[in-house]
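First listed ligand is number 1; within each ligand, the first listed atom is number 1. Side-chain atoms are counted along with the backbone in the values below, which use heavy atoms only and exclude waters and symmetry mates. Positions are given from 1 along the sequence.
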Amino acid sequence: MSRESPAADEESFDRADAAAVAAAHADALSALSAALDGDGAPVAREATGDWRTLYPGAVVTPADDAYEEARRVWNGLADARPVAVAYPTTAAGVARVVETARRTGLGIATRSGGHSSVGTSTGDGVLVCDVGAMRGVEVDPERRTATVEPGVTVGELDAATTDHGLATPQGVAPEVGVTGLTLGGGTGYLSRAYGLACDRLARVDLVTAAGERVTAGPDSNPDLFRAVRGAGGDFGVAVELEFDLVPVPEEVAMCDTWFPVDGADDVGSLLREYRALLREAPRETNVSPYVSRVPDEVGFPDERAGDLALCVLGVHGGDPDAGERALAPFRALGGDGVEPLFDDAARRPYTEVQAYLGGDSAAGDRYYWKSVAVERFTDDLVDLTAERMAALPGDGDTVVVWPMGGAVADLDPEDTAVPERDAAVVLNFEASWSDPADDDEHVSWARESAERAREVGAVAGELPNFSGTERGADAARDVYGDNYGWLRETKARWDPDGVFSPSGRL
Ligand SMILES: Cc1cc2nc3c(=O)[nH]c(=O)nc-3n(C[C@H](O)[C@H](O)[C@H](O)COP(=O)(O)OP(=O)(O)OC[C@H]3O[C@@H](n4cnc5c(N)ncnc54)[C@H](O)[C@@H]3O)c2cc1C
């Protein structure tokens, strides 16, 4: 049975179509609703940075008032109309959702934190399995592990582990879901020191397309374990994840230093200095330059408001004294002749560092984020990056240079689905805007930037978590590179009917 999501045909699929499909499967959906635990009473999650309301135990269809709320995801560009959104609260409930998908022929889009930039946690004509209400976290400080349910956010996991002086590499926004982030690879401030989020995954339990709960780990279904680390959503619904934890100091050193720039030449010369410093930086040091407009805020010079700046965000995950020493040269880019416009350098609790950028990206705005992994950050690529940084189409757009290397390169490209193990940096072209009329301008800018970087060379794939919104096999080859072949074979073994193919990539 083919379960091609109609997402590619999004213009033509509206609420009435979704309602008609739901009506055709009314019996199966109401049986599912009766089988789920929970009374469907709405639960607001604003306190954890999640703007969503969840309906644990409910199956929401287009006939329900809650449908418009239930179909919403963080990325407003993913404006799709699922046939139903089911909110299981247990692994058994998840198995019932899978069984319903098999009976009805509907494809499943899995949602945990709802922050997919790629837009795959919804889809036209699919059955959404939203496990956001499954939120348990347990830390075992002796074994240095954390066991989490799939609805846990990065902020919730950080809070639980740092209580014991421990952490695991996760992303840099506390409101994002741990599960989607980890199963898409997952880069963060601790990645150069300890690897990608998926590298610290000790095991994951999934409900597979057969409706069975299986464990994927180094010694249990290793083929599945290899695939889910980077391509997770295409192989099943994760219902429990176990992470290895590492020690983090009570306070870590960080800096957020903004340099004035007047055009691409200025940006390029600062990036060249950054490149040289990064080569020598210790693994614990994670420094990421990006561009922004100077805000009209306390701490920034009034007369520079609106000007372009190159911002350098640095975090050192190890000893804070060593961290301050390691970050100092990055805060002094440009030498004596350049005075930073803003320089926030401090020791902060790890959870505060993790929250530093949190909440910056409003839910419901439109996002298209496209990355390219760069093996050698050549002069040509530095110049291209500088050119794109100096000519942003809108105030919400940016280019981020994300450092790789260190522990990320300890694994081989074929060890997980994420192929970019030898990258020096990742260039992330991040377009963010709010008016649908501007979609083409922003998407084209980010897409063209990535294409030009590929033309300039030394590029090996994209980060799955920052891979645009393209669907289909070509997009998958771009993301997974040489891993695409064995991922397809693994997919054929675990999901031969394509129950979990909302992205249409694998
Ligand atoms: C503000 C912001 C900051 C970000 N920062 C970072 C960062 O620092 N580093 C980084 O790597 N990424 C980052 N991302 C990208 C983010 O990691 C991905 O978009 C990720 O998919 C979000 O996970 P989620 O659970 O919130 O999303 P969801 O929308 O719930 O899920 C996204 C996808 O993950 C998969 N998935 C989710 N839950 C499950 C499950 N239970 N079982 C199987 N598959 C599942 C599915 O494929 C799903 O389509 C950021 C995103 C945002 C919005």
Those atoms of ligand 1 less than 4.0 Å from some heavy atom in [X]:
X: Trp369; answer: 2 (C), 50 (C), 51 (C), 52 (C)
X: Gly236; answer: 42 (N), 43 (C)
X: Thr179; answer: 38 (N), 39 (C), 40 (C), 41 (N)
X: Trp74; answer: 53 (C)
X: Val237; answer: 42 (N)

Side chains of [X] and [Y] only: does a donor on one sit below 3.5 Å from an acceptor on the other?
X: Ser449; Y: Arg388; value: yes
X: Thr182; Y: Gln170; value: yes
X: Trp258; Y: Asp256; value: yes
X: Arg505; Y: Ser467; value: yes

Checking contacts here: is it the side chain or the backbone of [X] that comes within 4.0 Å of ligand 1, counting heavy atoms only? Could be both or neither.
X: Ala238; answer: both
X: Val239; answer: neither
X: Trp402; answer: neither

Taking both backbone and side-chain atoms of [X], is any N or O found less than 3.5 Å from an N or O belonging to ligand 1?
X: Gly113; answer: yes
X: Ser117; answer: yes
X: Gly114; answer: yes

With respect to atom 21 (O) of ligand 1, which of Gly180, Ala109, Cys129 exhibits the smallest heavy-atom separation? Gly180
Out of Val131, Val176, Leu241, whose heavy atom sits nearest atom 52 (C) of ligand 1?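 Heavy atom nearest to atom 52 (C) of ligand 1 belongs to Val176.
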Whether Arg229 engages the ring of Phe225 as a cation-pi pair (distance to the six-membered ring centre under 6.0 angstrom, angle to the ring normal within 45°) should be assessed.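 Arg229 over Phe225 ring: yes.
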Tell me if the centroids of the rings in Trp369 and Trp402 come within less than 6.0 Å of each other. no
Using the ring centroid of each side chain, check whether Phe500 and Trp494 are separated by less than 6.0 Å.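 No.
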Can you tell me if Val73 contacts ligand 1 (heavy atom of the residue under 4.0 Å from the ligand)? no
If you draw a 6.0 Å radius around CG in Asp410, do more than 12 non-hydrogen atoms from other residues or ligands fall strictly inside? yes
Residues Asp199, Arg421: salt bridge by 4.0 Å N-O rule: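 Looking at Arg421 together with Asp199, the answer is yes, because their closest N to O distance falls below 4.0 Å.
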